[in-house]
2 protein chains.
Amino acid sequence: MPMPQTSASLPRPHTLIEFGILSASNPTISLSEFTYTRGSEIYSEKEPIEFVYQVKSGAVRSCKLLSGGRRHIGAFHVAGDFFGLENGDVHRFSMEAMVDTIVHRVRRESLDAAAENDGTLTRDLLRMAATNLGHAEDHMLLLGRKTSMERVAAFLIEMDKRLTTAGILALPMTRRDIADYLGLTIETVSRSLSHLRELGILRFIDNSQRHIVLVDRQQLAGLDRQN
Amino acid sequence: MPMPQTSASLPRPHTLIEFGILSASNPTISLSEFTYTRGSEIYSEKEPIEFVYQVKSGAVRSCKLLSGGRRHIGAFHVAGDFFGLENGDVHRFSMEAMVDTIVHRVRRESLDAAAENDGTLTRDLLRMAATNLGHAEDHMLLLGRKTSMERVAAFLIEMDKRLTTAGILALPMTRRDIADYLGLTIETVSRSLSHLRELGILRFIDNSQRHIVLVDRQQLAGLDRQN
DNA sequence: CGCAGGCTTGACGTCCTTCAACCGTTGTGG
DNA sequence: CCACAACGGTTGAAGGACGTCAAGCCTGCG
């Protein structure tokens, strides 16, 4: 019986070292490991930037707040992802752990100092900034012009690429997180998922609503037609 | 009689030379001037990246298309702004002139080559990428969680900073452009503007609906409460 | 057990879209 | 020169997609 395959995009780097942020030629940067419990804040909006992070295990969300209790989530970061790498003086989003999470972090100054003498590292930083920008641009399109169904489909496709293992997509985020990421309400997200289940495109697993099996990725992709 | 002042933010660079993209130490980069007529396409989505541009005069829009005739505008660029500076191989947006526009452009390779030996230039590129990212993040919040009124107010505030002269805000874009930028329809944009006029927050000038005087910036800012 | 948090589902409300009519300006060809 | 189509904008009426409100289920936990 064939193993259900995730629709794997290009594999992403797994450690600061592999990515080139740390390398044998940069022995000056010290790496330390930190643990955050579910729901705790790693840093908050407008806080001065001290560290750059990489998720070792777990998952985090970056968010902003508006009046009237409105919340917006800009991105999710899971194992392997970098975050906190911004080019201003202060953070533009707050960052919270969605589940118990282990991160690696390095002082931002040491990174800057290392980049000073290392063109490769600088290009890596530029490439990462471009990756973030590309994601943000796609997400603007989603928020500005897509229907609720297209948004949820796009979300599932994105998460499937990133964290499906052994055929199971184990989402670390709540319906509220998903809603605030997609610019919807929890009810609309829930209804969209129920509808996808009724269509046979996905299945819920066990008694946890956060474990999902994507049955028909083709059809799912069809629901988020980019063109 | 006091001159009405634009709520000027930090002044932006005015030429590639001032910005540092071109400098006396980079005599290798050749600069050329190009003109595009209203409505013409400067480059299109998925086209290989050849040049990096700066608007000399006029204004351009970056846009994407979806099925069903849906359009999304990611950003507007006016005199002084850079565009086309992406880090992939191909453009992620198409770029069109909204009015007759003159641009300066340099070959992307010559820029890359110059950056190779010039840490300052590289840092400038990083800074520009960060600026774009910051704008995209703010815009995601707008598209995901703001009401139509808040969006239009935010739009006016943004454009006021960039192109109000002598107290008059002369918009280069149509209602459709504004709508596709804000994730709304032209009718909703028009109604919001009419409502602002009724409230005495702005006035239309002459017989062009694109020339506006902002009467009460304070009140306008109040309609787009970030918090 | 009792309570809180997360999810689903239904009924209803609303903000924005859709559809349509109309106006003024621009530009174009007879 | 003028008729008239094309374009951009405004406004009203009706509709719909998503939001709001509410009830109920399930699980985990003190």
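These values consider heavy atoms only, across backbone and side chains, with no hydrogens, waters or symmetry-generated copies. Here is how names work: the chains are called A, B, and so on, in the same order as the sequence lines, proteins then strands, and each is numbered from 1. In this text the structure is predicted, and so the values were computed from the model without any measurement.
Salt bridge status for A:Arg92 with B:Asp138: present, with a side-chain N to carboxylate O gap under 4.0 Å. Using a cutoff of 4.0 Å between basic side-chain nitrogens and carboxylate oxygens, B:Arg70 and A:Glu150 are scored as salt-bridged. Using a 4.0 Å cut-off between charged side-chain N and carboxylate O, B:Arg162 and B:Glu158 make a salt bridge. A salt bridge links B:Asp180 with B:Arg71: the closest approach of a Lys/Arg side-chain nitrogen to an acidic carboxylate oxygen falls below 4.0 angstrom.
Counting to the nearest Å, the P atom of C:dC7 and the CD1 atom of A:Ile205 are 16 Å from each other. For the pair A:Arg70 CZ and C:dC15 P, the interatomic distance rounds to 13 Å; values are reported in whole Å. Remark: P of C:dT8 and CG of A:Leu196 are 12 Å apart, rounded to the nearest angstrom. B:His195 has its NE2 atom 12 Å from the P atom of C:dC15, to the nearest Å. Straight-line distance from the CE atom of A:Met173 to the C1' atom of C:dC7: 16 Å, rounded to whole Å. The distance from atom CG of B:Asp206 to atom C1' of D:dG8 is 17 Å, rounded to the nearest whole Å. In this entry the distance linking CZ of A:Arg38 with C1' of C:dA4 reads 12 Å, nearest Å. Atom-to-atom, NE2 of A:His211 to C1' of C:dG6 comes out at 14 Å; the value is rounded to the nearest Å.
Ring geometry for A:Phe83 against A:Tyr53 counts as parallel: the plane angle stays under 30°, on a 0 to 90° scale with 60° as the upper cut. Relative orientation of the A:Tyr181 and A:Phe76 rings is tilted, given thresholds of 30° and 60° on the angle between their planes.
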Indicate for each nucleotide in nucleotides 18-30 of chain D, in 5' to 3' sequence, whether protein heavy atoms under 4.0 Å reach the base (B), only the sugar-phosphate (S), or nothing (-). SSBB-----S---
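B:Ser194 has a side-chain polar atom (N or O) that falls below the 4.0 Å cut-off from OP1 or OP2 of D:dT11.
Nucleic acid contact class of A:Arg197 (heavy atoms, under 4.0 Å, all strands): sugar-phosphate only.
The listed nucleotides are D:dG8, C:dT8, C:dG6; the one nearest the side chain of A:Arg175 is C:dT8.
By the side-chain hydrogen bond (donor to acceptor under 3.5 Å, both in side chains) test, B:Arg61 is found to be paired with B:Glu96, B:Asp177, residues two or more places apart in sequence or in another chain being considered.
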